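Note that the coordinates shown come from a computational prediction; the quantities given were computed from them, not determined experimentally. Protein chains get the first letters and strands the later ones, always in sequence-line order, with residue 1 at the start of each. Both backbone and side-chain heavy atoms feed into the values below; hydrogens, waters and symmetry mates do not.
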Amino acid sequence: MIKNLVIVESPAKAKTIEGFLGKDFTVTSSYGHVRDLEKKNNGVEIDNGFNPLYIIPADKKAVVNDLKKLAKGAETVWLASDEDREGEAISWHLKEVLGLNAERTRRIVFHEITKPAITAAIENPRYIDTNLVESQQARRILDRLVGFEISPVLWRKVRPSLSAGRVQSVAVRLIVEREREIDSFTPESKFRIVGIFNFTDDDGKNYKFKAELNEKFDTEEEAYKFLEIAKDSSYKIDSVEKKPAKKTPAPPFTTSTLQQEASRKLRYGVSRTMLIAQRLYESGKITYMRTDSVNLSDLALGSSKNVIKSSFGDKYSKTRKYKTKSANAQEAHEAIRPTYFEHETIDGTPEEKALYNLIWKRAIASQMADAELEKTTAKISLSNSEYKFTASGEVIKFDGFLKVYIESTDEDDNTKDAEGLLPPLYNGALLTYDNIAATERFSRPPARYTEAALVKKLEEMGIGRPSTYAPTISTIQKRGYAEKEERIGKEREYKVLVLSGRNISGEVKTEITGAEKGKLYPTNIAMLVNDFLLKYFPKIMDFQFTAEVEKELDDIARGERNWVNMLESFYRPFHSTVEDTIENSERVKGERILGDDPKTGRQVSVRMARFGPVAQLTDINDEEAKPQFASLRTGQKLELLTLEEALELFELPRTLGNFEEKPVTVAIGRFGPYIKHDNKFTSLKKHFDPYTITLDEAIVEIKEKRIKDAEKLIKVFEENPDFQLQNGRWGPFLKVGKLNFKLPKGVNATEMTYEDCLKIVEESDKKVSSGKTKKAPAKKTAEKKTTKAPSAKKSTSKKTASGTKKTTKKK
DNA sequence: CAGTGAGCGAGCTTCCGCTTGACTT
């Protein structure tokens with residue numbers, strides 16, 4: 001018989017807490033929420049006071065059954081989910097599902113997983129806060145209604161399977177609007193003047209240092225004119241000013257700042273960061289990783305102080321308490337920190353080590369002293385100009401927290417030079433120039449979002465929660481609204497004028513501009529959906545919408561507002577907008593007519609078709625004539641494509657001629673330009689242009705590919721030519737039709753028999769079918785159908801092996 | 001994996017926030 005059953009949300013937390021509590025306590029976990037709205041009828045009886053219809057999701061049934069058993073035999077059940085809206089609701093759902101009565105139930109909360117905090121919580125139990133639960137319920141229902149009423153409108157008016165929601169639609173809006181800012185941006189150039197000066201001190205020692213003019217010039221002529229003046233000028237130090245400055249460490253990590261720094265310093269995407277953090281948490285190395293709090297427990301403050309003092313000395317320690325800035329923070333946990341500050345490094349995979357190291361440094365630095373600097377600014381005057389040069393230098397007098405950690409920023413600032421030490425300049429010192437350069441610099445458009453930068457923006461706006469940042473970013477990519485892409489930049493010329501000695505010389509240099517890596521690009525469908533939603537659902541798309549909802553939810557949580565009332569006043573006008581939109585809005589095509597094809601006179605247009613954006617040639621005079629289509633290439637935008645670009649799309653595929661009595665054609669596919677011959681594909685190497693490659697060149701490529709393919713093939717079995725042993729990227733493997741099979745370790749592929757292969761297929765099939773759950777494959781087939789409707793049909797009827805797999809699993 | 005771009009109109013898709021595995025390539 002269990003005396004006390006404590007239920008928390010996470011199993012890792014349960015393990016830790018069990019250690020703090022005595023023998024009389026059994027600690028277990030609910031794995032988050034145990035109930036959710038059913039999907040049927042949106043899970044809400046709207047005309048029955050928004051009565052929610054809750055079910056236990058299939059993947060939670062086992063958990064709930066276990067909890068029921070444990071609870072039945074327990075004297076007292078302690079509901080210890082987080083102290084926020086969601087946590088309160090979890091406790092309430094548990095109470096309902098487990099049939100707990102008030103007498104033997106206690107609700108407790110703690111903000112940190114430390115022994116004193118847990119003991120204090122046990123000593124101060126309270127009741128479930130009904131207002132808070134209702135606030136969560138209102139949040140849940142509102143999100144369901146928004147998502148499940150707008151998404152079907154998109155299916156009808158734009159394309160099936162699309163989605164909309166309070167959080168994701170705003171995230172997409174941010175990406176779309178940023179892209180349009182970039183598209184409409186015209187860079188302006190200015191000439192920046194930087195001089196290298198010579199200074200000789202009293203001992204005759206020579207120094208060179210850099211200084212920048214306090215003026216930039218719009219044109220090359222003006223820059224040249226200035227250099228002419230500079231040539232005949234003498235230079236003198238006008239003033240030297242020294243100012244103390246200090247730098248303060250950043251607070252310890254929250255989910256969002258961890259994601260940002262891991263993105264900048266380690267180049268991890270947000271879901272990768274969270275996956276690694278989860279492993280660190282589960283192995284007890286860090287505190288909880290989904291948090292919006294920057295607070296550290298007293299225990300953490302104490303132990304970090306000890307570590308800092310013993311490693312760096314007393315003067316490096318400074319205890320700091322941080323306050324959360326983000327408006328929406330619920331602060332149910334501590335900041336993300338090492339569980340044991342004494343462990344500067346840990347065992348684990350390289351990425352676990354790297355992320356832990358980042359967390360350790362950031363948390364330690366947050367409890368360290370300010371860095372003290374001295375900034376020096378020297379002004380240099382010209383004898384025959386009003387302009388002045390400025391040189392600045394920075395010296396660290398005391399490094400403080402900089403000893404362990406420097407925060408990065410998103411702006412990769414290459415316009416600013418690293419400020420170092422200046423020579424011992426003094427007022428009135430005379431200088432000569434080594435050279436003075438006028439360099440043309442272009443203004444830059446706003447930067448595209450990285451995943452982490454988008455999370456930061458959403459957090460600032462109070463949209464989304466730590467547990468949903470990474471999933472939201474994945475969702476908008478899965479739905480095809482955004483793509484994380486690497487794009488190569490374009491070359492751009494810029495001018496440099498250099499005054500050296502008595503001579504001014506000019507030069508044209510090139511730089512790469514617009515190169516992007518791992519940034520989020522909106523797709524064409526995202527732009528269409530965004531504009532549609534902005535037009536018909538401006539309220540949902542408003543950046544303030546979530547903030548307003550939050551205010552009302554807070555009122556409900558304080559008992560100052562009725563939750564049904566709140567939903568009524570939101571839903572009624574919202575729902576009539578939905579109906580009105582279904583009734584009155586046009587189907588979204590994104591069609592633009594670009595002009596006429598000069599060769600044939602046919603009309604050139606672009607639009608969104610079923611399989612994506614296309615350009616179209618239409619004979620307007622002949623309705624019978626079939627229009628000709630060409631897909632837009634990656635990166636081309638429906639809303640920006642020009643007539644010339646559209647016409648170029650129709651130049652492919654090109655038929656080059658015949659080889660071995662079969663036509664050779666060139667086109668651009670999903671993986672770039674390719675040659676097609678005899679139903680075989682050969683990717684074009686980079687130095688070939690699909691528009692200019694000749695038949696002879698193509699034939700060479702085809703032959704080369706044949707040799708490579710022959711090397712790839714180890715053996716074809718006579719018994720069944722579908723069975724082939726091939727050399728792949730990861731060594732030999734068995735290919736049967738379209739399916740690939742791994743070979744058992746240590747087998748020599750060349751000696752394998754047909755029977756060996758059959759065995760592999762049979763065994764692997766058995767493994768696959770028995771190991772899988774019922775739901776996963778069903779989901780997979782659905783996905784395949786939507787992305788590739790025509791080919792999927794073909795394969796299900798032909799592929800016997802996979803066909804039987806599917807049917808047996810569905811049962 | 002790289003042919004489509006539309007028609008007999010089946011049945012499906014979708015939200016946000018809590019939490020972990022169990023999957024494949």
Test salt bridge (charged side-chain N to carboxylate O under 4.0 Å, His left out) on Glu86(A) and Arg465(A) and set out the steps. CA-CA 11 Å; Glu86(A) 298 298 328; Arg465(A) 305 277 318 128; over 6 Å; no

Pick base, sugar-phosphate or nothing for [X], based on heavy-atom distances below 4.0 Å to the nucleic acid.
X         : result
Arg479(A) : sugar-phosphate
Arg279(A) : nothing
Arg140(A) : base
Glu149(A) : nothing
Pro11(A)  : sugar-phosphate
Tyr469(A) : nothing
Ser29(A)  : nothing
Arg465(A) : sugar-phosphate
Ala89(A)  : nothing
Val146(A) : nothing
Glu282(A) : sugar-phosphate
Leu154(A) : nothing
Gly87(A)  : nothing

In whole angstroms, how far is the [atom2] atom of [N] from the [atom1] atom of [X]?
X         : N       : atom1 : atom2 : result
Asp36(A)  : dT19(B) : CG    : P     : 14 Å
Leu142(A) : dG17(B) : CG    : C1'   : 14 Å
His333(A) : dC18(B) : NE2   : C1'   : 10 Å
Gln628(A) : dG3(B)  : CD    : P     : 16 Å
His33(A)  : dG17(B) : NE2   : C1'   : 5 Å
Phe148(A) : dT13(B) : CZ    : P     : 9 Å

With sequence neighbours left out, what residues match Asp59(A) under side chain to side chain contact (heavy atoms under 4.5 Å, CB included)? Pro57(A)

For Leu528(A), all residues meeting side chain to side chain contact (heavy atoms under 4.5 Å, CB included), sequence neighbours excluded: Val588(A), Met608(A), Leu638(A)

Nucleotide pairing, DNA chain B (Watson-Crick or G-U, distances under 3.5 Å), in dot-bracket with [ ] and |: .........................

Between [Y] and [X], is there a cation-pi geometry (under 6.0 Å to ring centre, at most 45° from the normal)?
X         : Y         : value
Arg479(A) : Tyr481(A) : no
Arg35(A)  : Trp92(A)  : yes
Arg587(A) : Phe532(A) : no

Is the closest basic N to carboxylate O distance between Asp36(A) and Arg140(A) below 4.0 Å?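 Looking at Arg140(A) together with Asp36(A), the answer is yes, because their closest N to O distance falls below 4.0 Å.
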
Is there a donor and acceptor pair closer than 3.5 Å between the side chain of Arg290(A) and the base of dC18(B)? no

I'd like to know if Ser163(A) reaches the base of dT14(B) with its side chain, counting only an N/O donor and acceptor under 3.5 Å.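 Check fails, no donor-acceptor contact within cut-off.
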
Quick check on dT20(B): is either OP1 or OP2 less than 4.0 Å from any side-chain nitrogen or oxygen of Gln278(A)?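 Yes, Gln278(A) has a side-chain N/O under 4.0 Å of OP1/OP2 on dT20(B).
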
4.5 Å side-chain heavy-atom contact, Tyr281(A) and Lys13(A):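 Tyr281(A) reaches Lys13(A) side chain to side chain.
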
Could you please name the option among dG3(B), dT13(B), dT14(B) that lies closest to any side-chain atom of Phe681(A)?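 My answer, after comparing the listed nucleotides, is dG3(B).
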
To the side chain of Thr468(A), which of dC16(B), dT19(B), dT14(B) is closest?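 Of dC16(B), dT19(B), dT14(B), dC16(B) is nearest to the side chain of Thr468(A).
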
Stacking here means centres under 5.5 Å and planes under 30°; does Tyr31(A) stack on dT20(B)?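 Tyr31(A) vs dT20(B): stacking no.
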
